[in-house]
Enquirer: 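Shown below is the structure under consideration.
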Amino acid sequence: MSEREDIANNIITVLDSMSSPTLGKISREPLDVDQLSIQQFPAVFVQSSTETREDETIGNSGITRSGSIDFLCVGYVKNNSASTENIDTQRNVLITGIETALDVDRTRGGNALDTQIVSIDTDEGTMFPFGGVSINIRCYYTFT
């Protein structure tokens, strides 16, 4: 597989194994939150986004390039009567959990040089009784 796909798969694997919070659903496809059961929250989908590339060296063994690729990680939480946390707290817990999980191995299993969370947005309450976060994850890598 390509480094791009290996990095994406690593992100999914890492997020799927995180324990605080435990994700109820994780996907590479957008989610219809109205169709999810309460047990599937928090829910996350990850998809490849913008990529920039640049030639580093050109030689007999090929062209070495460096790149940065962004992955969009969209997470959802849901307000329910069993939860003692408000939606804003649930969003913050999800953001912290994702960031903590990704920071364990910033090389994405050796496929990247570095991983950084470069921006975080929330729905600011517009999705009630759901809460949404959008996390932009940037990975730097080289490939031939």
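Below, all heavy atoms of this structure are taken into account, side chains as well, without hydrogens, waters or symmetry copies. Just so it is clear, the structure is predicted and the values come from calculations on it, not from any experiment.
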Enquirer: Output every pair passing salt bridge (Lys or Arg N to Asp or Glu O under 4.0 Å) with a member in residues 54-63, not counting sequence neighbours, ordered by first then second residue.
Expert: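 Every salt bridge (Lys or Arg N to Asp or Glu O under 4.0 Å) pair that includes a residue of residues 54-63, provided the two are not neighbours, is Asp55-Arg65.
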
Enquirer: Side chains of Asn9 and Arg28: does their closest heavy-atom pair fall under 4.5 Å?
Expert: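 Answer yes - side chains close enough.
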
Enquirer: Can you sort out the partners of Phe130 under ring pair (Phe, Tyr, Trp, His ring centres under 6.0 Å), two or more places apart, ordered by chain and number?
Expert: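 Testing Phe130 for ring pair (Phe, Tyr, Trp, His ring centres under 6.0 Å), a comparison that skips the adjacent residues, returns Phe41.
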
Enquirer: Going from CG on Asn86 to CG on Asn79, what distance comes out if it is rounded to the nearest 0.5 angstrom?
Expert: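 Spacing of CG (Asn86) from CG (Asn79) equals 8.0 Å.
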
Enquirer: Please report the interatomic distance CD1(Ile12) to CG(Leu23), rounded to the nearest 0.5 Å.
Expert: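 Here the interatomic distance stands at 9.5 Å.
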
Enquirer: Between Leu72 and Val46, is there a shared hydrophobic cluster once you connect ILVMFWY residues whose side-chain heavy atoms come closer than 4.5 Å?
Expert: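 Different clusters.
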
Enquirer: Looking at Gln40 and Leu36, what are the two nearest heavy atoms and their distance?
Expert: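 The pair with the smallest heavy-atom distance is OE1-CA, 3.3 Å.
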
Enquirer: With heavy-atom distances below 4.5 Å as the criterion, would you say the side chains of Met18 and Thr100 are in contact?
Expert: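 Side chain of Met18 against side chain of Thr100, heavy atoms only: no contact under 4.5 Å found.
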
Enquirer: Flag the pair Gln47 / Phe45 as yes when at least one side-chain heavy-atom distance between them is below 4.5 Å, and no otherwise.
Expert: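 Gln47 reaches Phe45 side chain to side chain.
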
Enquirer: Out of curiosity, does Ile87 fall in the hydrophobic cluster containing Val44 (side-chain heavy atoms, cut-off under 4.5 Å, transitive links)?
Expert: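 Yes, same cluster.
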
Enquirer: Side chains of Ile11 and Cys73: closer than 4.5 Å at any heavy-atom pair?
Expert: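 When only atoms from C-beta onward are counted, Cys73 and Ile11 do not touch, as no gap falls below 4.5 Å.
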
Enquirer: Applying side-chain contact (heavy atoms from CB on, under 4.5 Å) between Cys139 and each of Ile69, Leu113, Asp70, report the one that passes.
Expert: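 When Ile69, Leu113, Asp70 are each tested with Cys139, the side-chain contact (heavy atoms from CB on, under 4.5 Å) holds only for Ile69.
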
Enquirer: Under the criterion side chain to side chain donor-acceptor pair (under 3.5 Å), I'd like the reasoning laid out for Ser37 against Gln39: C-alpha separation, chi angles, the key distance, then a yes or no.
Expert: CA-CA 5 Å; Ser37 71; Gln39 291 80 19; 3.2 Å; yes

Enquirer: Any non-hydrogen side-chain atom of Arg108 less than 4.5 Å from a side-chain atom of Val14?
Expert: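 Side-chain contact under 4.5 Å: yes.
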
Enquirer: Side-chain heavy atoms under 4.5 angstrom apart, residues restricted to Ile, Leu, Val, Met, Phe, Trp, Tyr: same cluster for Phe143 and Phe71?
Expert: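 Same hydrophobic cluster.
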
Enquirer: Tyr141, Leu102: one ILVMFWY side-chain cluster at the under-4.5 Å cut-off?
Expert: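 Shared cluster, yes.
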
Enquirer: So do Val133 and Leu94 actually touch side chain to side chain, heavy atoms under 4.5 Å?
Expert: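 Leu94 vs Val133: side chains touch.
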
Enquirer: Rounded at 0.5 Å granularity, tell me how far CD1 in Ile135 sits from CD1 in Ile98.
Expert: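 So the CD1 of Ile135 and the CD1 of Ile98 are separated by 4.0 Å.
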
Enquirer: Would you give the length of the straight line joining atom CD of Glu99 to atom OG1 of Thr115, rounded to the nearest 0.5 angstrom?
Expert: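 So the CD of Glu99 and the OG1 of Thr115 are separated by 12.0 Å.
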
Enquirer: For Arg106 and Ala112, work out which heavy atoms get closest and say how close.
Expert: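 It is O-CB, 4.3 Å.
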
Enquirer: Output the distance between atom CD (Glu51) and atom CZ (Arg138), rounded to the nearest 0.5 Å.
Expert: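 Going from CD on Glu51 over to CZ on Arg138, the span is 11.5 Å.
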
Enquirer: Where do Gly109 and Asn10 come nearest, in terms of heavy atoms and distance?
Expert: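 In this case the closest contact between Gly109 and Asn10 is N-ND2, 3.7 Å.
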
Enquirer: Of the non-hydrogen atoms in Gly97 and Pro21, which two are nearest, and what is the gap between them?
Expert: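 Looks like CA-CD, 4.1 Å.
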
Enquirer: Kindly compute the distance separating CZ (Arg91) from CG (Asp121), expressed to the nearest 0.5 Å.
Expert: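 Between atom CZ of Arg91 and atom CG of Asp121 there are 11.5 Å.
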
Enquirer: Test of understanding: clusters of I, L, V, M, F, W, Y form through side-chain heavy atoms closer than 4.5 Å, transitively. Do Leu15 and Leu31 belong to the same one?
Expert: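 They do not share one cluster, since no chain of ILVMFWY contacts under 4.5 Å joins Leu15 to Leu31.
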
